[in-house]
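Please read the structure below before turning to the comments.
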Amino acid sequence: MAAGFAQGRGLDRFDAEASAVLRSRMQIDGHATYASVRPSERWTGVAGTGFLVTPSDPPRKTAKPACRLIVPPNQAFADHIVAGVAAFANNMGELLNCGLASVTFHYEGGTQVLTEPSVYTFTAANGEVVSYLGWWCTLLNDGRHGDAQLYIDAKPRDATMQNRVIGPFLFLPSKTVHDLELEVAPSRPVLAGQRYQSIVDALQFCAERRCDRPLIRIIEQRDDYLFGSLRGAGAYVTAKGYATIEATVPVTIIGTREHADATPRPRYSGIRFKGPNITLDMATADRYFHERKGNQYWYDGVRVINSQGRGQLLPRLGGPRPGGFTSWQPWLTECDVSDLPTTANGASLVRGCTFTRCFADAVSEAQCVIGSRFNDYDAYVDWAKDVPALTVRYVGRGSKATLQLSGDNNAAKRVFTARVDGEVAGTFTTDRFYTVATGRNSSVVRWINSLEGWTATLHDDTRRASVLSRRGGKGAGFAETDCRDAPLELVTMFDYHGDFYQQNTPAAWTIENVIVSGNVITNFAGQCFFISSASPSRDFVFVENCFHGKPGVTGYNRRDHFFSQLDRKGLKSHVVLAHNSMTQGWLLRTTGGFTADRYCLWTNNVLGGLQWLGPPQPTIRLAKNYLFRDPRVPAGAIETEVGGTETELFAAPQHGNFTPRGKLGRAAFTPALTWDSVGRRFGPASPPGAKSR
C-alpha cells in the first residue's frame, strides 16, 4: 500500500521527509490506513470521462451509509491532493469502524479500498494545524493533465443496507496549480494582465480569458476593498476550478456600492476566499450572491465579521439583517465567523470553523458539519424581546373601544382594525418593508391619531411595524383589545429563534445523507436538533457532538422550554444519534405522524431527557443512554441510567468541557463507536457521551 500523503495543505509538493511525518500521524492504534490511488493506464486524459463503467447508486430500497466529501472538489494540483470523506452507518445498534466494511475510492479507473478510517493532520489555510477523522486517500498526478473524476463507494457492515456511491467529483491534475496570476493594488498603476486596482477588474480579466483556476493576490493593505460585479451582459459560471483570492497583507472587503442593499454579486462562480489576511465585513453588505450555476463559493480560512455587532439594526429595514454572508451551498473550511445570523444554512461543508455571537439558525440543512465550535448563539438578547413601540388610547364619546391586529409576526401584510361601540372606525394595513407610509411604527401612530377620539404616542420608530404585538404576545396578532378603560401598549418583537440543525418546514431541501460530527456548541439559546419536516429524513447521522444550552430563565428565552425534536409526518429512516453529550432533552413526537424504520438509533448519549410524545415506535432503538434533569425512562429503552445534575455530571459544559464526572464518570457502557472525532479509541467500557475536546 503506497504512502502518498504529504504534510501541508494538500497542494504542497510531496517529499520523503513530509511523508514520514504524516506516516507517524496518520494512524489509529498503530495501524496506518491511508492509501494513494493513481489513474489507470486507460485514463482518458483531457477528455476524461471518469469511469469506463460508471458506478450507479441504485434506487433506494433500504437505508444507506451517510457519506460526505470533507475536502472541496474542483481543485487543481500539480503533484498530489488529499481527498477524504466522513462516512457512518448503523450496524444493528453500533457504529464500530464507523459502521462500515470499507470505503473505496475510484479515480479514473484506478481503485483503492480502505478498510479503516484514519486521522489526517495538516496545516489549514488559516495557518493552524488541524486533524480530522475520515476516510482519506491521495490522488496522484502522474503527468497526464486534464479533468479527472473521483467516485467514492461506502459499503456498510450491515448486509441489509445498500452501498452509497457519491460523485463524480472533478479534480484537475495540472502542470501548474494556477493558470493565471494577478495582483491587486489600488494605489499602483495598472499593468494589463498583471496588476489591477480593484478585485472586480482582476476578475473581469480572468473571465474574459476564460481562466479555470486563476490566482488573484491582494498586495496592498486597506480596509475598504469593494466587491462589485462583472461588466457586460453575461456572468462567468463555467470555470472548472476556483478563482482564488488571497492577500499578502491584512485586508478587509466591505461589499459593493452597485446595489441598494450593498449585496456583493460578482456574477463569477467558483470564487475561493483564502487565508487569514482576508476579512469580509458584512456590516454594510448583504450576503455574497451566487448565480446558482457553476462551482460554489469556498471560504477557506478567512474571517467573516459584522463590525456593527450582533444587534446591528439596519435603518433601511427597520430590523436585523435578513441572512448570513453567503448563499447556495458554500464550502466553509477553518473560518472564523462572528455577529451574523444563519451563518451556514444549507452549506455543502462546514469544517473546523468557529462561530461566535451569532443568532437565528446555525447550520440548518447543511450537508456535513464536522469539527466546528459555536459559542453564544442567541437571538433573544437583541431581537426576540419586547421593545416598547407605541401606546394607544381612546378618549372619545363611545362607551367601548377596541383595537385588533391580524396576521403573523412579520407577515407581508397585517391589518389593524379600530372599533367604537362595535362599529369599525378604521383599518390600516402594514407592510414589512419599513416604508414611511405603512411600514413604520410612526405610520401606525399617524393613522390612529387621524381617527376621531383616538390618540397614540410613539416611543420608538427604529423598528418596522410588521413585528408589532402586545407585550408578551411573541410578536403575534391579537383579538379585539380594550383601549378605552386603559391605554394599550404595543411592542415590537422579532420572532427569531435559534435551531442548531433544522430541516425546513413544510418542505426541506436536504432530505438525505447528512453528517454532523465532532462539534462543540456552547451557550446556545434554542433547540439543538429539530428534525421535523413533511419531507423525508434519510441517513441523518449525528455523532460525538457536545451541546450546552444557554441558561436563559426570563422572557422568551426559557431554557426549560427548549427540546431537540423528531417530529412531523416525514419518513425518518436511518436517523442516528450516538455518543452525543447534551444538556438539552429530546422529544420523539409521534403525534406529528412520522414513521421510523429499524435503522433509527439513539445510543450512548447523555441527554437532559428522552421522551415519547405520543405512542412509542418500537422500530427506533433506544439503548445505553444516560438521562438527567428528566430521569423518566421512555418506553422501550434498554440499559438506561439516570440521575444527577448538569453541574454534577460535567466538568464545565458552558466552556466546552464535557469531561464526565460523578455518577456519569463511573457509568460503564459498551461504546457504539471505535474512535472519537479526533481518532482516540474508546475503551471496552466507557462513560456514554462524547469525549471532551
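Every value quoted in this text rests on a predicted model; they were computed, and no experiment measured them. Hydrogens, waters and symmetry mates are skipped; everything else that's a heavy atom, side chains included, is used. Positions are given from 1, in the same order as the sequence printed here.
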Passing candidate, side chain to side chain donor-acceptor pair (under 3.5 Å) with Tyr599, options Thr62, Asn90, Asn91, Asp158: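 Per the side chain to side chain donor-acceptor pair (under 3.5 Å) rule, the option paired with Tyr599 is Thr62, out of Thr62, Asn90, Asn91, Asp158.
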Minimum side-chain heavy-atom gap [X]-[Y] below 4.5 Å:
| X | Y | result |
| --- | --- | --- |
| Pro214 | Leu182 | no |
| Asn513 | Arg68 | yes |
| Asp142 | Pro39 | yes |
| Leu133 | Ser118 | no |
| Leu566 | Ile620 | yes |
| Ile219 | Val249 | no |
| Val678 | Ser131 | no |
| Lys240 | Leu170 | yes |

Could you verify whether a donor N or O on one side chain and an acceptor N or O on the other, from [X] and [Y], lie under 3.5 Å apart?
| X | Y | result |
| --- | --- | --- |
| Gln503 | Thr510 | no |
| Thr354 | Asp336 | no |
| Asn141 | Asp79 | no |

Stepwise salt bridge (charged side-chain N to carboxylate O under 4.0 Å, His left out) check, Glu291 with Arg265: CA-CA 8 Å; Glu291 303 300 321; Arg265 185 175 182 175; 2.8 Å; yes
Give me the atom names and distance for the closest heavy-atom approach of [X] to [Y].
| X | Y | value |
| --- | --- | --- |
| Ala154 | Pro156 | O-CD, 3.7 Å |
| Pro684 | Pro671 | O-CD, 3.3 Å |
| Ala83 | Leu150 | CB-CD2, 4.0 Å |
| Val184 | Ala202 | CG2-CB, 4.0 Å |
| Gln149 | Glu108 | N-OE2, 2.7 Å |
| Asn504 | Glu365 | N-OE2, 2.7 Å |

Got a donor-acceptor contact below 3.5 angstrom from the [X] side chain to the [Y] backbone?
| X | Y | answer |
| --- | --- | --- |
| Thr619 | Ala596 | yes |
| His145 | Pro173 | no |
| Thr603 | Ala623 | yes |
| Asn519 | Ser517 | yes |
| Asn604 | Gly689 | no |
| Ser364 | Gln502 | yes |
| Lys691 | Arg681 | yes |
| Asn580 | Asn545 | yes |
| Ser535 | Ala508 | yes |
| Thr342 | Gly324 | yes |

I want to know whether [X] and [Y] have ring centres closer than 6.0 Å.
| X | Y | answer |
| --- | --- | --- |
| Trp298 | Tyr242 | yes |
| Tyr288 | Phe227 | yes |
| Phe374 | Phe500 | yes |
| His290 | Tyr297 | yes |
| Tyr132 | Tyr120 | no |
| Phe529 | Phe542 | yes |

What's the spacing between [X] [atom1] and [Y] [atom2] if we round to 0.5 Å?
| X | Y | atom1 | atom2 | result |
| --- | --- | --- | --- | --- |
| Asp153 | Thr111 | CG | OG1 | 10.0 Å |
| Ile521 | Ser372 | CD1 | OG | 9.0 Å |
| Ile370 | Ser677 | CD1 | OG | 9.0 Å |
| Ser269 | Asn74 | OG | CG | 11.0 Å |
| Leu673 | Cys98 | CG | SG | 7.0 Å |
| Glu544 | Leu95 | CD | CG | 11.5 Å |

So with a 6.0 Å cut-off around [atom1] of [X], is the heavy-atom count from everything else above 12?
| X | atom1 | result |
| --- | --- | --- |
| Arg292 | CZ | no |
| Arg38 | CZ | no |
| Arg351 | CZ | yes |
| Arg538 | CZ | yes |

Verdict with reasoning, Arg217 to Glu181, per salt bridge (charged side-chain N to carboxylate O under 4.0 Å, His left out): CA-CA 8 Å; Arg217 184 180 294 112; Glu181 295 190 19; 3.6 Å; yes
Residues Thr326, Val304; criterion side-chain contact (heavy atoms from CB on, under 4.5 Å); working and verdict: CA-CA 10 Å; Thr326 187; Val304 186; over 6 Å; no
Trace of the ring pair (Phe, Tyr, Trp, His ring centres under 6.0 Å) decision for Tyr107 with Phe171: CA-CA 10 Å; Tyr107 176 56; Phe171 287 89; 7.6 Å; no
Residue that, paired with Asp539, satisfies salt bridge (charged side-chain N to carboxylate O under 4.0 Å, His left out) out of Lys64, Lys572, Arg164: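 Output: one option passes, namely Arg164.
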Steps toward side chain to side chain donor-acceptor pair (under 3.5 Å) verdict (Ser573, Asp597): CA-CA 5 Å; Ser573 172; Asp597 65 17; 2.5 Å; yes
Side chain to side chain donor-acceptor pair (under 3.5 Å) between Thr333 and Tyr299, intermediate numbers included: CA-CA 6 Å; Thr333 54; Tyr299 302 85; over 6 Å; no
Audit row: Arg157, Glu94, salt bridge (charged side-chain N to carboxylate O under 4.0 Å, His left out) steps and yes/no: CA-CA 10 Å; Arg157 294 175 66 201; Glu94 47 86 354; 3.4 Å; yes
